[in-house]
Protein chains: 4
Amino acid sequence: MSRLAKRRKELVVSLMKDGIYEAAVRVLMERGAEGLTMDRVAESAGVAKGSLYNYFRSKRELLQFIHEKTIEPAKDFLAEVRAASMPAAEKLQTVVRMWLEHFATNRGIFDFLFNDPRTREVMEDCKRSSRLEGIEELRSFFEQGIAEGAFRPIDTQRTAEMFLGAVILTMEQQLMLNLNRPAEESAAALLDLFLNGLRPQA
Amino acid sequence: MSRLAKRRKELVVSLMKDGIYEAAVRVLMERGAEGLTMDRVAESAGVAKGSLYNYFRSKRELLQFIHEKTIEPAKDFLAEVRAASMPAAEKLQTVVRMWLEHFATNRGIFDFLFNDPRTREVMEDCKRSSRLEGIEELRSFFEQGIAEGAFRPIDTQRTAEMFLGAVILTMEQQLMLNLNRPAEESAAALLDLFLNGLRPQA
Amino acid sequence: MSRLAKRRKELVVSLMKDGIYEAAVRVLMERGAEGLTMDRVAESAGVAKGSLYNYFRSKRELLQFIHEKTIEPAKDFLAEVRAASMPAAEKLQTVVRMWLEHFATNRGIFDFLFNDPRTREVMEDCKRSSRLEGIEELRSFFEQGIAEGAFRPIDTQRTAEMFLGAVILTMEQQLMLNLNRPAEESAAALLDLFLNGLRPQA
Amino acid sequence: MSRLAKRRKELVVSLMKDGIYEAAVRVLMERGAEGLTMDRVAESAGVAKGSLYNYFRSKRELLQFIHEKTIEPAKDFLAEVRAASMPAAEKLQTVVRMWLEHFATNRGIFDFLFNDPRTREVMEDCKRSSRLEGIEELRSFFEQGIAEGAFRPIDTQRTAEMFLGAVILTMEQQLMLNLNRPAEESAAALLDLFLNGLRPQA
DNA sequence: TATGAATGAGCGTTCATTCAT
DNA sequence: GATGAATGAACGCTCATTCAT
C-alpha cells in the first residue's frame with residue numbers, strides 16, 4: 001500500500017473512532033453509564049454492532065478511548081500551566097477556570113469518567129488514574145506556593161485532595177441542579193475561599 | 001385484623017427488611033456494586049429470591065432502602081448538631097469528624113452509595129438526594145457562622161458545595177489509596193484550611 | 001424442607017435434566033454437533049433458554065451430562081462382564097454385541113461422543129476419556145486370554161486399539177450407509193476375524 | 001482471451017489455491033479446527049479476506065479443497081498399489097505403512113479431516129467420502145487375497161471396515177497419547193493380527 | 001482482480017422479575 | 001407469606017459473507 005493510501009486509511013479509521021466516540025458520549029448522556037451498551041453505541045453511530053469491533057477490540061477498549069479522548073485536553077493544559085512561570089495562586093485559578101469551562105462543555109461525560117466504577121477499573125489499568133494525576137499536579141502548585149511564601153506550609157497532599165474535591169463537587173452540583181454558572185465566577189469563588197478562608201480577616 | 005396483630009405484622013416486616021438490608025450490604029462488600037444481584041442477596045439473607053419481592057417491589061426499591069438505611073444515622077446526627085447551641089465552626093468540625101468516622105466504619109458502602117450510577121439514579125428518584133440534603137445542612141452552619149460574625153459573608157451555597165466536595169474526596173481518596181488516617185486528624189486539617197485559608201496570616 | 005419434599009424435588013430436577021438430555025440428543029441428531037446450540041436445545045425441550053442454566057451451569061456441563069448419560073450403561077455392562085468368570089473370547093464377544101446393540105439404539109450420539117472435538121475436551125476434563133477406558137477394559141480381556149493360553153502373546157495395547165477401532169468403524173459405517181445389520185452377526189464376524197485371522201487354517 | 005493466457009490464468013489460480021491451502025493447514029495446526037476462521041486463513045496466506053472468496057465460494061468449499069488436497073497423495077498411492085502385481089497381503093502391508101507414514105507427517109490434519117463434524121458434513125456432500133473410497137480399495141485387496149487363496153472367504157465389506165477402523169484408531173491413539181511409534185512397526189503388528197488372528201496356531 | 005470495512009445473525013451467558021404451588 | 005423454577009430480554013462478542021472501491 002502506498003504511503004498516501006496508508007495516510008488516508010489512518011484518517012478514515014480516526015474519523016470512525018471519533019464518530020463512535022461521539023455516539024458513545026451521546027448514549028452516555030441519554031441513558032447513563034449503565035445504559036452504555038455496544039448495541040446502543042452502534043445504533044447511535046449508525047453502524048452495525050460488529051463494526052464497533054473493527055475499531056475497538058472490546059468494550060473495555062472503547063471505554064479507555066472515551067476516557068483518554070475526554071481527559072486529554074485538560075491534561076495537556078495542566079502540563080502547560082505547570083510549566084509556565086506564574087505565581088501559584090494564579091496557576092490554581094487558571095486551571096480551575098479551564099476545568100470548569102471544559103466541564104461546562106462536556107457536562108456529564110466527566111461525571112461518568114470520574115465516578116463510574118467500571119471506568120475506574122479501566123483507569124487503574126492505565127495505571128495512572130486521572131484523579132491521582134490531577135491531585136499530583138495540584139500538589140505541585142501548592143508546593144510552589146509554599147516555596148514562594150505565598151501559602152502557609154500546609155499538608156500539600158491533603159490540601160490537593162480537598163481542593164480537587166471542591167472543584168469536582170462544584171461541577172457535579174452544577175450538573176445535578178442543571179445550573180449554568182459562569183466558570184469565571186465559580187473559579188473566583190473557589191480561589192477566594194481557599195486562599196482567604198472563612199474567618200474575617202483581621 | 002386487630003390493632004395488635006397489625007403492629008406485630010409491621011414489626012415482622014421491619015425485621016425482614018433489616019435482615020435483607022444486612023445481607024445486601026454483605027454482598028456489596030464481598031462482590032462490589034456490579035455483583036449485587038437479587039440471587040445473592042436472597043442467598044445471603046437466607047430467604048428465597050421471590051421473598052425479596054414481598055418486601056421490596058423491585059431491586060430499585062431495595063437500593064433506595066439500602067441508601068436510606070445507611071445514610072440515616074448520619075442524617076440524624078446532622079439534625080442533632082444543627083439543633084445544638086454551638087458555634088458554627090465547632091458544628092462544622094463535629095459533623096465532619098462524625099462523617100469521617102462513620103465512613104471509616106462503613107468503607108465501601110459509601111463508595112457504592114455515592115458513586116454507583118445505579119444508586120445515583122435512585123437518589124434522583126428520591127427527589128431529595130442525600131447530597132443535596134447534606135449541602136442544605138452545611139449551608140445552615142455557614143449562615144449561622146456569618147450571623148455570628150465568625151465567618152465572612154461568603155456565598156453559602158457555593159461554600160457548602162466546596163466543603164462537602166472536600167470531605168467526600170478526602171474519604172474517597174482514603175478508600176482508593178487504602179489509607180487509614182485518623183478521622184480526628186482529617187477533620188482538623190479540613191477545618192483549618194477552610195477557616196484560615198492558604199494565605200499566611202498577617 | 002421435609003425429607004419427602006426433598007425427594008420430590010430431586011425427582012423433578014432429574015426429570016428435567018432427562019428432558020433436556022433428550023432434547024439435546026434430538027438436536028444432535030437433526031443438526032449435528034455444530035448445530036447443538038443452547039437455543040435449539042431449549043426450544044426442543046420446550047423451555048426457555050435461561051431455564052437450561054437452572055439445571056446445567058454451562059454448555060460444557062450439559063455436554064458432560066450427555067456424555068455420561070450415554071456412556072453409563074455401556075460402562076456398567078463392561079464392568080459386569082469384566083468381573084464375570086468367562087473365557088476371554090466370550091467376554092469380547094459379549095461386550096461387542098452389547099456395544100453394537102447399544103449403538104443401534106442410540107445411533108448418532110455415539111458418533112458425536114467419540115468424535116466431536118469439543119466433546120473430547122470435555123472427556124479429557126473428566127480425566128478418563130471413554131475411549132481410553134474402553135481400550136483399558138479390552139486390554140484386560142486380551143491379557144486374560146493370553147494368561148488362559150487362548151490367545152497368542154501379542155501386544156495387548158495395540159491389539160486393544162485395533163479391536164476398538166474395528167468396532168467403532170463398524171458402527172459408524174452402519175450409520176453412514178444407513179444399514180441395519182443385526183448386532184449379533186456383526187459381533188460374530190468381528191470375533192471370527194480377530195480370533196482366526198485372514199489366513200486359511202492349516 | 002488466447003489459449004495461452006487462459007493457461008496462465010489457470011496456473012495462477014492454482015498457485016493461489018495452493019497458497020491458501022497451506023495457510024489453512026498452518027492455521028489448523030496452530031489453532032485447531034475450532035480456530036480455523038477465514039480471517040486467520042487470509043492473514044496466514046497474506047491475502048485479504050475477501051480474496052479467499054475469489055478462489056473458494058465459501059468456507060465449505062475451502063474445507064473440501066483441504067480435504068481433497070490432503071487425501072490426494074494417499075489416494076494416488078492406493079491406486080498405484082492396486083494396479084501393481086503383488087500378493088494381497090503385501091499390498092495391505094504396503095498401504096498401511098504408507099498411511100501411517102503419511103499420517104505421521106501430517107498429524108493433526110488427519111484428525112481434523114476424519115473427526116471434525118464440519119468436515120464430515122462436507123465429506124458427505126462430496127457424496128463419496130474418503131472413508132468409503134478407502135474401504136472400497138481395501139475390499140479389492142481382500143477380494144484379491146481370497147481369489148489367490150491366501151485369505152479365507154470372509155465378508156470383504158465387513159473386513160475392510162474393521163481393517164480401516166483398526167488403522168484409523170491406531171493413528172488417533174498415537175495422536176491422543178502423543179506417541180511416536182514407527183510406522184513400520186505398527187503396520188507389521190496390524191498385518192500380523194489380521195492375518196494370523198489371536199488364536200495360537202496349531 | 002484485490003481489498004478489507006461493514007454487516008447482522010448467532011453464540012453462550014446473566015439476571016430482574018413473575019407466578020403457580 | 002414463602003418459595004424457587006421459569007422466563008426472556010439483554011448483554012458482550014464472533015465470524016462467514018458481501019460489496020463498494
Side-chain angles (χ1 to χ4, degrees), chain A residues 1 5 8-9 12-13 16 34-43 45-63, chain B residues 9 12-13 16 34-43 45-63 118, chain C residues 1 5 8-9 12-13 16 34-43 45-63, chain D residues 9 12-13 16 34-43 45-63 118:
Chain A
M1 186 161 32
R8 187 159 45 229
K9 191 183 129 184
V12 170
V13 166
M16 281 296 297
E34 196 74 356
L36 185 71
T37 71
M38 296 303 266
D39 274 271
R40 284 205 262 263
V41 171
E43 197 201 319
V47 300
K49 182 165 44 162
S51 299
L52 297 183
Y53 289 85
N54 289 332
Y55 298 96
F56 301 97
R57 262 194 291 276
S58 64
K59 185 177 179 180
R60 188 185 196 77
E61 206 172 289
L62 171 57
L63 250 26
Chain B
K9 191 179 127 186
V12 169
V13 166
M16 282 296 296
E34 201 77 350
L36 185 71
T37 69
M38 296 301 267
D39 273 272
R40 287 205 259 261
V41 171
E43 196 202 319
V47 301
K49 183 160 49 158
S51 300
L52 298 183
Y53 289 84
N54 289 330
Y55 300 96
F56 302 97
R57 261 195 292 274
S58 65
K59 185 177 181 181
R60 189 185 198 75
E61 207 171 287
L62 170 57
L63 252 23
R118 229 170 348 207
Chain C
M1 187 161 31
R8 187 159 45 229
K9 192 182 129 184
V12 170
V13 166
M16 281 297 296
E34 196 74 356
L36 185 71
T37 70
M38 296 303 265
D39 274 272
R40 284 205 262 262
V41 171
E43 197 201 320
V47 300
K49 182 162 47 158
S51 299
L52 299 183
Y53 289 85
N54 289 332
Y55 298 96
F56 302 97
R57 263 195 291 275
S58 65
K59 185 176 179 179
R60 189 185 196 75
E61 207 171 289
L62 171 57
L63 251 26
Chain D
K9 192 180 127 185
V12 169
V13 166
M16 282 295 298
E34 199 79 349
L36 184 72
T37 69
M38 295 303 265
D39 274 89
R40 287 204 259 261
V41 171
E43 196 202 319
V47 300
K49 183 163 47 160
S51 300
L52 299 182
Y53 287 84
N54 289 329
Y55 300 97
F56 302 98
R57 262 195 292 274
S58 65
K59 186 176 179 181
R60 189 186 199 75
E61 207 172 288
L62 170 57
L63 251 25
R118 229 170 349 207

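Since we're looking at a predicted model, the values are computed, not measured. All chains are named by letter (A, B, ...) in the order of the sequence lines, taking the proteins before the strands, and each is independently numbered beginning at 1.
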Exercise. Considering only heavy atoms from C-beta outward, does the side chain of B/Leu62 approach that of B/Met38 to under 4.5 Å?
Worked result: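 When only atoms from C-beta onward are counted, B/Met38 and B/Leu62 do touch, with a gap below 4.5 Å.
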Exercise. For D/Lys59 and D/Thr37, which heavy atoms make the closest approach, and how far apart are they?
Worked result: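 Scanning both residues completely, I find the closest heavy atoms to be NZ-CA, 4.4 Å.
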Exercise. Where is the tightest heavy-atom contact between B/Ala42 and B/Lys49, given as atom of each residue plus distance?
Worked result: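 The answer is CB-CA, 3.5 Å.
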For this session: Using a cut-off of strictly less than 4.0 Å, decide whether D/Thr37 has a side-chain nitrogen or oxygen near OP1 or OP2 of F/dC15.
Result: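 Result: no.
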Problem set entry | Distance test, side-chain N/O of A/Tyr55 to OP1/OP2 of E/dA6, below 4.0 Å |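 For A/Tyr55, the contact criterion (side-chain N or O under 4.0 Å from OP1 or OP2 of E/dA6) is met.
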From the options [options], select the nucleotide whose nearest atom is closest to the side chain of [X].
{"X": "C/Lys59", "options": "E/dT13, F/dA16, E/dA6", "answer": "E/dT13"}
{"X": "A/Ser51", "options": "E/dC11, E/dA5, E/dT7", "answer": "E/dT7"}
{"X": "A/Lys9", "options": "E/dA5, E/dG4, F/dT17", "answer": "E/dA5"}

Problem set entry | Contacts of C/Glu61 that satisfy salt bridge (charged side-chain N to carboxylate O under 4.0 Å, His left out) - sequence neighbours left out |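 Salt bridge (charged side-chain N to carboxylate O under 4.0 Å, His left out) list for C/Glu61, sorted by chain: C/Arg57.
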For this session: Nearest-nucleotide wise, let me know which of C/Arg57 and C/Gly35 is further upstream toward the 5' end of DNA chain E.
Result: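 Per heavy-atom nearest nucleotide, the more 5' residue is C/Gly35.
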Taking only N/O atoms, report every protein-nucleotides 19-21 of chain E pair under 3.5 Å with atom names and distance.
none

Problem set entry | Presence of donor-acceptor pair under 3.5 Å, side chain of B/Lys49 and base of E/dT17 |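 Side chain to base: pair found, below 3.5 Å.
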Problem set entry | Residue whose closest nucleotide on DNA chain F lies nearer the 5' end, D/Asp39 versus B/Met16 |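 The answer here is B/Met16.
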Exercise. Which residue, A/Asn54 or C/Val12, contacts DNA chain F at a nucleotide closer to its 5' end, judged by nearest heavy atom?
Worked result: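 Counting from the 5' end, the first nearest nucleotide belongs to C/Val12.
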For this session: Could you check whether A/Arg40 gets within reach of a base, just the sugar-phosphate, or nothing at all, counting any heavy atom under 4.0 Å?
Result: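 If one applies the 4.0 Å heavy-atom cut-off, A/Arg40 turns out to touch the sugar-phosphate alone, with no base involved.
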Seminar exercise, completed: Applying the Watson-Crick and G-U criteria (both distances under 3.5 angstrom) with [ ] for crossing and | for other-strand pairs, one obtains for DNA chain E .||||||||||||||||||||
